[in-house]
Amino acid sequence: MENKKYYITTPIYYPSANFHIGHCYTTVIADSLARYKKLHGYDVYFLTGSDEHGLKIQRKAEEKGVTPKEYVDEVIENAKDLWKSLGIEYDRFIRTTDEDHVEVVQKIFKKLYDQGDIYKGSYEGLYCTPCESFWTESQLVDGKCPDCGRDVEPASEEAYFFRLSKYQDRLVDYIESHPEFIQPVSRKNEMINNFIKPGLEDLCVSRTTFTWGIPVTFDSKHVVYVWIDALSNYISALGYLTNDDSKFQKYWPADLHIVGKEIVRFHTIIWPCILMALDLPLPHQVFGHGWLVINGGKISKSLGNYRDPREYINEYGKDAIRYYLLREVPFGSDGQFSEELLINRYNTDLANTVGNLVNRTLSMLTKYFEGIIENSEVKTEYDEDLINLVINTESKVEKYMELLEIPEALDSIFEIFRRCNKYIDETTPWLLAKEENKDKLKTVLYNLLESIRIGAILLTPYLPDTANEILRQLNTSKKDLDTIKEFGELETNIHINDFKPIFMRVEKKDE
Ligand code: MSP
């Protein structure tokens, strides 16, 4: 049998008590893709987690008078709670402080050192003594430390370096010969022209000026610095270089790393070179998505446009937030977020198009047939068009999902619900009822319910709660993908009596 595995990852997040709606974006997309692949029979592994080392965390912990581990232990719960409230179903939440990760990073570092890909040198930079931080010329603000605004001075520090430059040519060859590796294609061009072709410099991979990091086993003054620690999570999570590497054997290479555009560089330059040095296959694809912005600008606590995403989830429900993130932003580009846009989407698509359709149809079934689903041989002139559209939607969705065009995939599912609403207008069931045209009315209601069932099954990866609730209200046991290949699988003589509106319209707020 064909090996249908799918390994998908999000970046590991910096632990924070202030996650905003933008942070939810990568994770909701990854969750929907993971669910989509599962629905299609893939053996899926979905990894997310947290990136817990570094000077910033060490400082925050010092400010609070706790150890860095105590600090991260506390804030990490915030991420887990947020993912739970969004219905994120990951297979592992890896923390870079997990013992197994720490050991694997130490082994990777040693292996690269032993084979000569890591060497000891000295790091030259501009040093801010109070902040204990090195900066490059371009990071300075008005010639001063970007963190505290004080003077910086040239300094050097003993450090280990990874031979990134050695892999430059192989990397360019790989990227050119694997057009699917960096997506969207604009990001590929940016990487090659702006970063790789001008020349890769060896990368500083250890520090001695702070202690909150993974110790280098053979040189206790040093801790592993940022990217080797963070990027290795994608393989340490699977047990690479451990006694039980069965998951690694099964799932590596990753099928998809989804990352925000600002970290595409690390995932498509540093990460592939580390993997080449380890003699491991490269991930199939790195997709760099755009940012969610507010009024064209960054979402941030200091700008005062930050709200805890749970406030929106509590007010509109998790599926409304998932829907907004998946539907509103063209995947790969930046997209706006505002509560007004969220309410518009919610009212138009969720409350009107789907919610109202389901409720209206089930109410008619109750009114005209006491809630019993029946079908008849009598057709209407509008059936064929409806059925064709419904039956062809699955393959449309597949084509879009292949290209990660998630908003288009979702829209084509909503096309089913829009078409159903039109079918109601065309067939005017209330007139059929008046005319005592019961057979035609049975057909119309059956076709509507069957179309809704198929639409709901297609919706499950994106809006799992909504889809399950629709299928529950339909009282059907036909919930799998193989029940939507043909139109007409919905059971007849089933009694429906337990239903309520799934989405209630919300009033616009004064900004
Ligand atoms: N720790 C690193 C990643 C290491 S991966 C080996 C990191 N963490 S982060 O917490 O700053 O960001 C996590 C993810 O959230 C990134 O993909 C980032 O692009 C995404 N987003 C943060 N703000 C965002 C928006 N406003 N909009 C969309 N995504 C955003 O980077």
Please work out which of the three classes, parallel, tilted or perpendicular, describes the rings of [Y] and [X], given edges at 30° and 60°.
X      : Y      : result
Trp227 : Phe266 : parallel
His23  : Phe19  : tilted
His40  : Tyr36  : tilted

For atom CG of Asp334, decide whether the heavy atoms of other residues, nucleotides or ligands shown that lie under 6.0 angstrom number more than 12.
->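 Atom CG in Asp334 is crowded, with more than 12 foreign heavy atoms closer than 6.0 Å.
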Evaluate whether atom CD of Glu486 has more than 12 neighbouring non-hydrogen atoms of other residues, nucleotides or ligands under 6.0 angstrom away.
->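 It does not: Glu486 CD has 12 such atoms or fewer within range.
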Side chains of [X] and [Y] in contact at under 4.5 Å (non-hydrogen atoms):
X      : Y      : answer
Lys399 : Glu405 : no
Arg35  : Tyr462 : no
His257 : Ile8   : no
Leu238 : Leu47  : no
Gln473 : Leu362 : yes
Asp100 : Ser236 : no

Please give me the minimum heavy-atom distance between [X] and [Y], naming the atom from each residue.
X      : Y      : value
Tyr446 : Ile373 : CD1-CG2, 3.7 Å
Gly455 : Ile416 : CA-CD1, 4.0 Å
Arg453 : Lys478 : NH1-O, 3.0 Å
Leu386 : Ser451 : CD2-OG, 3.6 Å

Could you walk me through whether Leu325 and Leu292 pass the side chain to side chain contact (heavy atoms under 4.5 Å, CB included) test, one step at a time?
-> CA-CA 9 Å; Leu325 296 176; Leu292 226 60; 3.5 Å; yes
For the backbone of [Y] and the side chain of [X], can you confirm whether one donor and one acceptor N or O come within less than 3.5 Å of each other?
X      : Y      : answer
Asn193 : Asn189 : yes
Tyr346 : Met504 : yes
Glu394 : Leu458 : no
Thr443 : Val378 : yes
Arg322 : Leu86  : yes
Asp308 : Arg310 : yes
Glu408 : Leu404 : no
Ser338 : Leu341 : yes

Check ring pair (Phe, Tyr, Trp, His ring centres under 6.0 Å) between [X] and all other residues, then give those that pass, not counting sequence neighbours.
X      : answer
Tyr45  : Tyr7, Tyr251
Phe331 : Phe287
Tyr382 : none

I would like to know whether Lys500 and Glu469 meet salt bridge (Lys or Arg N to Asp or Glu O under 4.0 Å); could you show each step before the answer?
-> CA-CA 10 Å; Lys500 57 180 188 306; Glu469 178 59 12; 3.7 Å; yes
Kindly compute the distance separating CD (Glu374) from NZ (Lys438), expressed to the nearest 0.5 Å.
->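 Glu374 atom CD to Lys438 atom NZ measures 9.5 Å (nearest 0.5 Å).
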Candidate pair Phe46 and Arg92, rule side chain to side chain contact (heavy atoms under 4.5 Å, CB included), full reasoning = CA-CA 7 Å; Phe46 169 22; Arg92 176 164 177 188; over 6 Å; no
Determine whether the aromatic ring centres of [X] and [Y] lie less than 6.0 Å apart.
X      : Y      : answer
Phe503 : Tyr323 : no
Tyr324 : Phe337 : yes
His267 : Tyr234 : yes

Side chain to side chain donor-acceptor pair (under 3.5 Å) partner of His101, chosen from Thr96, Asn233, Asp229 =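 It is Asp229; the other options fail the test.
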So among Gln285, Lys37, Lys5, which one has a side chain to side chain donor-acceptor pair (under 3.5 Å) with Asp255?
->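 Of the listed residues Gln285, Lys37, Lys5, the side chain to side chain donor-acceptor pair (under 3.5 Å) partner of Asp255 is Lys5.
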Taking side-chain contact (heavy atoms from CB on, under 4.5 Å) as the test, write out the residues that go with [X], two or more places apart.
X      : result
Tyr368 : Met364, Trp430, Ala433, Leu441, Leu445
Ser246 : Asp244
Ser333 : Pro330

Evaluate side chain to side chain donor-acceptor pair (under 3.5 Å) for Thr268 paired with Arg187, printing each intermediate quantity in order.
-> CA-CA 10 Å; Thr268 59; Arg187 307 222 192 274; over 6 Å; no
